[in-house]
Q: 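Starting off with a structure, shown below.
To find a chain, count down the sequence lines: A is the first, B the second, and so on, and within it residues start at 1. Remember, it's a predicted structure, so these values are computed and weren't measured experimentally.
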Amino acid sequence: MTVTRFPTCTHDSPFHTTLRDKPKTTYKTNPTSTSVNLPLCTIRALVSTASKSDVSDSEDDVPLASKIRSKETIADDSGDDDTPLMSRMPAPAAKKEGKYTANGSSSTAAITNGTNGNADKRKKEVKEESDEDSDVPLAKKIKKVGTMKGKSIKVEKDETKAKKLSSIAKGSKADTVAKRGRKKTDEVDEKDEPKKRRKAKTEDSDSEEQPKRSTSAAAKGKRVAIKTEDGAGDAKRSRKKKDDTGDEEDDTFKWWEEQNLANDGTEKWKTLEHAGVMFPPPYIPHGVRMKYNDQEVELAPEAEEVASFFAALLGSDHAKNPTFQKNFFKDWQEIMKKSKSSVPIQDFNKCDFTPIFEYFEAEKEKKKSMTRQEKQAQKEEKTALEEKYMYAIVDGRKEKVGNFRIEPPGLFRGRGEHPKTGSLKKRVLPEQVTINIGESAKAPEPPAGHKWAKVINDHTATWLATWKENVNGSTKYVFLGATSAWKGQSDMQKFEKAKELKKHVDRIRRDYTTELKDKMTATRQRATAMYLIDRFALRAGNEKGDDEADTVGCCSLRFEHVTLEPPNIVIFDFLGKDSIRYYNQVEVDSQVFKNLKIFKKAPKGPGDMLFDRLNTSMLNKHLSSYMKGLTAKVFRTYNASHVFQEELRKIDPNDSVADKLLGYNRANRQVAVLCNHQRSVSKGHGQQMARMQDKIRALKYDRMKIRQSIMTLEPKQKKRQPELTEMESDLDEDWIVEYEKQLMEKEREKVRQKFEKDNEKLVEEGQKPLSEKELKSRLQEVDQKERELEQERKTGKVESKKGSTLERLEALLEKKTEKIKATKVQALDKEEGKETALSTSKINYIDPRISAAWCHKFDIPLEKVFNRSLREKFQWAMTIDEDWRWMASSLDLSANQLVRLAGFDSSTNQ
DNA sequence: GAGTCAACTTAGAAGACGCTTC
DNA sequence: GAAGCGTCTTCTAAGTTGACTC
């Protein structure tokens, strides 16, 4: 039995094999297999681990996974102090002794807390420097701060380089100065903190707001200090400078520079203006007749509209889904009852929607063939109609609205086995829509002849409009866009909360480990669930209704979702959010294994809840006793960001930018795998992979020929370099014969083309074209080459070109080997990435400040890791705190220290 | 404490867009 | 300039969480 784990992880990481809903047998494959058609788990493991050197060619025939494993073992044994959090989860004995404190954390703690050997000296230095700094005239300080603020990381590149050079020359003086500044602001922050608490208490008697205050204290404290110095607190709206990334100039409210952000969780705005929502255009009948029982049918416009919803999906998985078909047909018939069709439609199987489908296809083609100008005109027309809805004015600031369009009618595309998939989503009328707007603002006009359900002025809500959809009765909202202050603040608070968890996580782990053995079943269940959420990034798992898809999370796991294989292997196999399959085969703590065995014990059977004495609210209530606002969800954010930074630490600082980026993407991928973020495989993926595989084989063939040339030229090399005699993997006699045949065919084609081209040229120049005899002679040369190849195959001897030397051939061999490695990595990367979606983790789970700091540290242009949308969404992370960037540029901080300072390292746990 | 609901975040699919290659 | 492909954007489904009610 092979435990499927990520060989990359030097710890008992929560990485797992993640698979779509496919037959189980497909995945229970030996991960050490070398077959080209590697099982996904293996490929993932290979890619995530394979670095340039990992895809070592000299070990070509050794299973890659095995190679990686052995490497991993070495890494494991190295006693690396920087072992990530999860590996420091102690073995049971250590747990008993309460050895949860991270080993090797002293240096880290020292960096953060200033408690290492030189700490006192440093403290003194810092204090002196800090005092010194306090004498700097205010105007100068403002200037100093000002030059750092508001610039993109890339803009600062040269400045950073200069700083680095300067600090090398002056023994990191720049660094010391920067630290001095940080220390000073920290001190200010500390002094201010009790005041802030008092103020907060006065403002809000509800002490539950504490975490929000700590959030602002952590992140805004320094900002507050800076603000106090530069007196720019009233800069409600600052103009973003156009950076060299080509981004447009725009108005951005830099809320992260504000001192007094509305943070009490009640009032979100004082004034709010917007233009309401945009309704989809009314249906215009196309008049194309579908067929019923081979007969053309004339439908009333309402019925035609619904039929068209289905027709547009012909060929898709939805249209093939029997539940989808059934629900659509039922709702369509209801619509048809209201109007008359020329032929009564009773049986779905007799319906032929192809004519409508073809009509849509033709329309698509028409659109495609429009000229550039026509397309542009259409786009401008659309923008003109939408413009007024695109922005809202919140407290006098212009903010982008996210989804101002009312969802158009259509067929509900429920995922997985949603019982209501295919049901008709009816057209939303203004009478169903509630508008939320400021009292002083003019309420938007509803479409002519209509009125709004309600117009309200709820200052505690961040939605601009809401309505209820008819299929599931769920509430839909119009919110501001991701770049808005509301969303940004909420995002930042989320990451601050995750950072805060690091202060508590050791205690939480210690406690749940103890509670795994508790007498009370409910407590043991809770502890076991916490273990699973923490270790495998499972979602909380609310219970679901019968009218929803049967998906589960941790608390809602059932008997059949967990298989136990002694001594301590657990196989999870269930459908999670969006009906994405979660399959993971893991080793667990022996007590967890025992508990799961008990929770599955008879009379429980399929259909029974594993944690029958636990639910998400009980779990979250318990978690919040450790830290205000701590819920199951926070563990996902915490572990994702933590894993990400740990993976970044593995990147060699001396690597090229391209290699660093490869490392960055791999780190991102690890997080995506951890969180089970999947995507569907693109249509052409198989073909693309086959092409890449062909390319690798062709390169190996070339290398084989070079090796043979070396041995022919210098037979003694066989003894000196026995690997020269090794057969290339993936190449066999049959393949070589076929390949050479193809090669010669291509060669002949080239000769013919060249011959024709030569003749054309000659004719152009008024000369006599070459004779057919010449062509024949040239082709005979290819025939000769083919015979030589055959001979080489038989003898294994390859005559090298004139002037070839051993050195040259060896250089050529090395080059070819490098090329093979690079192509293999590329192929593995592609294969691994085929069903892993990186964007979800980047958008939602990884603290953008880690990326920003990393880019800054290694001079990587930010746009290489964040596209324009992300740069806008995460603006707060780029400019919020000088220290993040400053830390990144200081030379005496290692990459490891850097990421620790980014705040996601468990080794700083208290 | 179970049930319900509002309000928000997280998620993958699909469509749009733009770059590269032939 | 058409095709192929990857990336970005939009859309909306599907989660989580906390408040409220009984």
Q: What is the nucleic acid contact for A:K577, judged by heavy atoms within less than 4.0 Å: base, sugar-phosphate only, or nothing?
A: base
Q: If you assign each of A:D491 and A:R413 to its closest nucleotide in DNA chain B, which residue comes earlier from the 5' end?
A: A:D491
Q: NA contact type, A:K375, heavy-atom cut-off 4.0 Å: base, sugar-phosphate, or nothing?
A: nothing
Q: Consider the side chain of A:E407, meaning its heavy atoms from C-beta on, and name the nucleotide among B:dG12, C:dA13, B:dT10 that approaches it most closely.
A: C:dA13
Q: For A:K476 and B:dC8, give me the distance from atom NZ to atom C1', rounded to whole Å.
A: 14 Å
Q: What bend angle does the helix from B:dG1-C:dC22 to B:dC22-C:dG1 show across its length, from five-pair end axes and to the nearest 10 degrees?
A: 10°
Q: Between A:W463 (CH2) and B:dT9 (C1'), how many Å, whole number?
A: 18 Å
Q: Between A:H418 and A:F412, is the ring centroid distance below 6.0 Å?
A: yes
Q: Please report, rounded to the nearest Å, how far the C1' atom of C:dC11 is from the CD atom of A:E386.
A: 13 Å
Q: Report the nucleotide, chosen from B:dA6, B:dT9, B:dT10, that has the shortest atom-to-atom distance to any side-chain atom of A:F479.
A: B:dT9
Q: What does A:Y845 touch in the nucleic acid at a heavy-atom separation under 4.0 angstrom: a base, only the sugar-phosphate, or nothing?
A: sugar-phosphate
Q: Just compare C:dA14, B:dA14, B:dA6 and give me whichever is closest to any side-chain atom of A:T475.
A: B:dA6
Q: Measure from the side-chain heavy atoms of A:K268 and tell me the nearest of C:dG18, B:dC8, B:dT9.
A: B:dC8
Q: Which one, B:dT10, C:dA13, B:dA2, comes nearest to the side chain of A:K633?
A: B:dT10
Q: Along nucleotides 2-10 of chain C, 5' to 3', which nucleotides get a B, which get an S, and which get a -, given that the test is a protein heavy-atom distance under 4.0 Å?
A: ---SS-SSS
Q: Among C:dT16, B:dG12, B:dT10, which nucleotide has an atom closest to any side-chain atom of A:N542?
A: C:dT16
Q: Within a reach of under 6.0 Å around NZ of A:K375, are more than 12 heavy atoms found that belong to other residues, nucleotides or ligands?
A: yes
Q: List the residues meeting salt bridge (charged side-chain N to carboxylate O under 4.0 Å, His left out) with A:K379, not counting sequence neighbours, and say none if there are none.
A: none
Q: Compare the minimum distances between each of C:dT17, B:dA16, B:dG12 and the side chain of A:K367, then state the nucleotide with the smallest one.
A: B:dA16
Q: Once you apply a heavy-atom cut-off of 4.0 Å, does A:T551 come out as touching a base, just sugar-phosphate, or nothing?
A: sugar-phosphate
Q: What's the closest nucleotide to the A:K494 side chain, out of B:dT10, C:dA14, B:dG12?
A: B:dT10
Q: Between A:E543 and A:R415, name the one whose nearest nucleotide on DNA chain B is closer to the 5' end.
A: A:E543
Q: When we call it a touch if two heavy atoms are under 4.0 Å apart, what does A:G410 touch: a base, just sugar-phosphate, or nothing?
A: nothing
